[in-house]
2 protein chains.
Amino acid sequence: MAQPIPIHKHSPLKASCHQCSLSNLCLPLAIEENELDRLEDIVQQGRIFNRGEHIFDQSTPFRSCFAVKSGSVKTSIITESGEEQVTGFFMPGELVGLDSMSSSTYACTAKALERTSVCEFPVEKLEDLTGKLPELQHHMYHLMSQEIQNGHQLAMLLSKNTAEERIAALLLSLSSRFQRRRLSPTNFSLPMARNDIANFLGLAVETVSRVFTRFQNQGLIRARGREVELLDVEALQLVTRDSARQGC
Amino acid sequence: MAQPIPIHKHSPLKASCHQCSLSNLCLPLAIEENELDRLEDIVQQGRIFNRGEHIFDQSTPFRSCFAVKSGSVKTSIITESGEEQVTGFFMPGELVGLDSMSSSTYACTAKALERTSVCEFPVEKLEDLTGKLPELQHHMYHLMSQEIQNGHQLAMLLSKNTAEERIAALLLSLSSRFQRRRLSPTNFSLPMARNDIANFLGLAVETVSRVFTRFQNQGLIRARGREVELLDVEALQLVTRDSARQGC
DNA sequence: CGTCCGGATTGATCCATATCAAAGTTGTAC
DNA sequence: GTACAACTTTGATATGGATCAATCCGGACG
């Protein structure tokens with residue numbers, strides 16, 4: 001019997017960091033061209049997940065970090081009682097799993113929000129490599145530190161800002177992340193449901209919905225379902241700084 | 001003219017990680033006895049700050065991480081508008097500044113909550129050293145990852161939990177951190193003001209105060225000013241899991 | 001082409017916590 | 001010991017967003 005060609009699992013198209021369009025965002029960013037092979041030696045490319053599939057969950061033994069190659073990923077913590085707290089959204093070029101480097105199983109659950117492909121970096125090998133490439137080590141510290149800062153930023157949003165401010169901030173964050181990938185910063189499609197936005201921002205779905213329509217009525221955005229157009233970026237930025245204006 | 005003896009700055013009592021009582025909590029934790037010298041070579045010990053003094057702020061160029069040796073430290077972000085968001089409290093054995101490793105100036109402001117001494121680890125040297133000691137590198141990843149998780153935990157608390165749950169969680173967190181240092185887990189003195197607690201937990205001071213008295217009336221704690229005694233730890237744990245119970 | 005179903009929107013009501021206001025308390029400097 | 005300043009507590013009121021309850025929409029599928 002002829003084996004069907006195993007598209008994803010066993011054709012690990014080695015050596016494509018070199019030609020990956022995300023090499024200026026992802027880990028290769030920190031590596032000299034001539035050292036890139038060493039990263040390619042440890043990466044497992046091309047794993048694909050359909051919308052809704054888990055890349056890992058809190059019971060999976062922690063082995064690897066994952067770089068999003070295409071699609072998008074939602075991470076969340078599920079409490080004993082089944083409650084979910086969305087902790088982040090990850091877009092192409094971003095690294096998922098850094099929060100788990102202190103645990104034996106993953107610290108969160110990662111789910112593909114759409115058809116998503118990821119590159120897998122086994123941490124043991126990654127740590128070996130960062131021990132040899134100071135630039136890469138530095139970059140890892142950089143990424144982790146940024147993730148800590150993101151957390152603080154989120155905490156700030158949650159504890160001090162109104163629903164409108166939180167949503168404006170999220171839209172602008174997404175916008176700038178699309179822009180980094182040279183996609184339109186004003187015209188994009190949200191990878192996540194209203195529910196996920198609500199959960200992430202500590203709001204009720206209904207509130208998210210209402211704020212979207214309010215923004216729409218004020219001419220700040222145009223939104224139909226997940227399609228969003230930012231009509232007035234400056235005004236949105238003003239919204240996020242409203243808490244600032246209180247002081248004046 | 002005889003120079004006065006420069007107590008802190010130039011008598012860097014080299015080599016005291018060896019005999020430091022926190023060596024099982026702090027960075028030495030990850031290092032073999034015989035490699036400990038290499039850490040001591042880069043650490044600057046014994047800097048002392050009085051209550052209210054800044055160890056660094058957001059305009060200070062980022063150079064070093066600081067391990068708390070005694071006392072305690074509050075970190076917070078100050079926004080352009082002067083608003084403060086407390087991002088964490090650090091106790092002896094804990095490392096301050098990990099969130100800044102992606103920036104040229106510190107990402108937050110660190111202030112001594114009481115008379116506090118810290119050990120300074122210049123990051124440049126620290127990165128060199130972690131490149132050579134895989135165990136230490138691993139430990140750095142571990143610490144940073146934990147800080148990310150703390151952030152997620154806090155976000156969860158802020159977005160899903162009531163005032164009582166948040167405060168119970170903080171008390172229990174402090175309790176277990178005192179315990180790690182072999183101090184009483186039920187009888188301690190809060191290093192921070194009600195205001196800082198409120199800010200950290202996204203509450204108004206008045207609410208914090210009210211919850212403290214409510215807990216007291218319920219016989220969960222005894223509190224006079226900053227002195228706290230946890231009378232019923234199990235009940236407090238139940239409080240933090242109240243959100244869980246909703247689901248049953 | 002209708003039906004069904006999950007997600008999204010809209011409306012009405014309620015509540016936890018903020019906010020405002022005023023004492024009380026503690027520490028500390030003189 | 002007195003007095004100021006900073007912190008804490010307590011009370012009364014207001015409100016942003018949660019919650020409850022329909023209804024609406026769009027896409028998958030028979």
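Below, all heavy atoms of this structure are taken into account, side chains as well, without hydrogens, waters or symmetry copies. Every chain is numbered from 1, with letters handed out A, B, ... down the list of sequences.
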- request: Taking only the side-chain heavy atoms of Leu203(A) (C-beta and beyond), determine which of dA18(D), dA18(C), dT9(C) contains the nearest atom.
  value: dA18(D)
Spacing of Arg51(A) atom CZ relative to dG6(C) atom P, expressed in whole Å: 14 Å
field: Residue Ala204(B), side-chain heavy atoms: nucleotide from dT17(C), dT19(C), dT8(D) that is nearest
entry: dT19(C)
field: Between Ser173(A) and Arg177(A), a side-chain donor and acceptor under 3.5 Å
entry: yes
message: Nearest to the side chain of Arg210(B), heavy atoms from C-beta on, is which of dT17(C), dT19(C), dA8(C)?
response: dT19(C)
- line: Here the distance between atom P of dT9(C) and atom CZ of Arg226(A), to the nearest Å, is 11 Å
- prompt: Could you give the CD1-to-P distance, from Ile167(B) to dT17(C), as a whole number of Å?
  reply: 9 Å
task: Please check the phosphate of dT10(C) (OP1 and OP2 only) for any side-chain N or O of Thr213(A) closer than 4.0 Å.
output: yes
field: Between dG26(D) (P) and Arg194(A) (CZ): distance, integer Å
entry: 13 Å
- line: Rounded to whole Å, CG of Leu190(B) lies from C1' of dT8(D) at a distance of 13 Å
- request: Would you classify Gly52(B) as touching base, sugar-phosphate or nothing, given that sugar-phosphate means primed atoms plus P, OP1 and OP2, and contacts are heavy atoms under 4.0 Å?
  value: nothing
message: Looking at Glu84(B) and Lys74(B), is any side-chain nitrogen of the basic one under 4.0 Å from a carboxylate oxygen of the acidic one?
response: yes
- prompt: Using the ring of each side chain (for Trp, its six-membered ring), is Phe66(B) parallel, tilted or perpendicular to Tyr106(B), with breaks at 30° and 60°?
  reply: tilted
Atom-pair distance (CD on Glu206(A); P on dT13(C)), nearest Å: 16 Å
- prompt: Toward the 5' end of DNA chain D, which comes first, Arg214(A) or Arg224(A), by nearest nucleotide?
  reply: Arg214(A)
message: I need the single residue from Arg47(A), Gln45(A), Lys69(A) that forms a side-chain contact (heavy atoms from CB on, under 4.5 Å) with Ser117(A). Which is it?
response: Lys69(A)
query: In a check of side-chain contact (heavy atoms from CB on, under 4.5 Å) between Asn199(B) and each of Val205(B), Val208(B), Thr87(B), Val86(B), which one passes?
result: Val86(B)
query: Between Thr207(B) and dA18(C), is there a side-chain N or O to OP1/OP2 distance below 4.0 Å?
result: yes
message: Whole angstroms only, please: what is the CG-C1' distance between Asn195(B) and dA5(D)?
response: 15 Å
message: Using whole Å, what does the distance between atom P of nucleotide dT9(D) and atom CD of Glu227(B) come to?
response: 13 Å
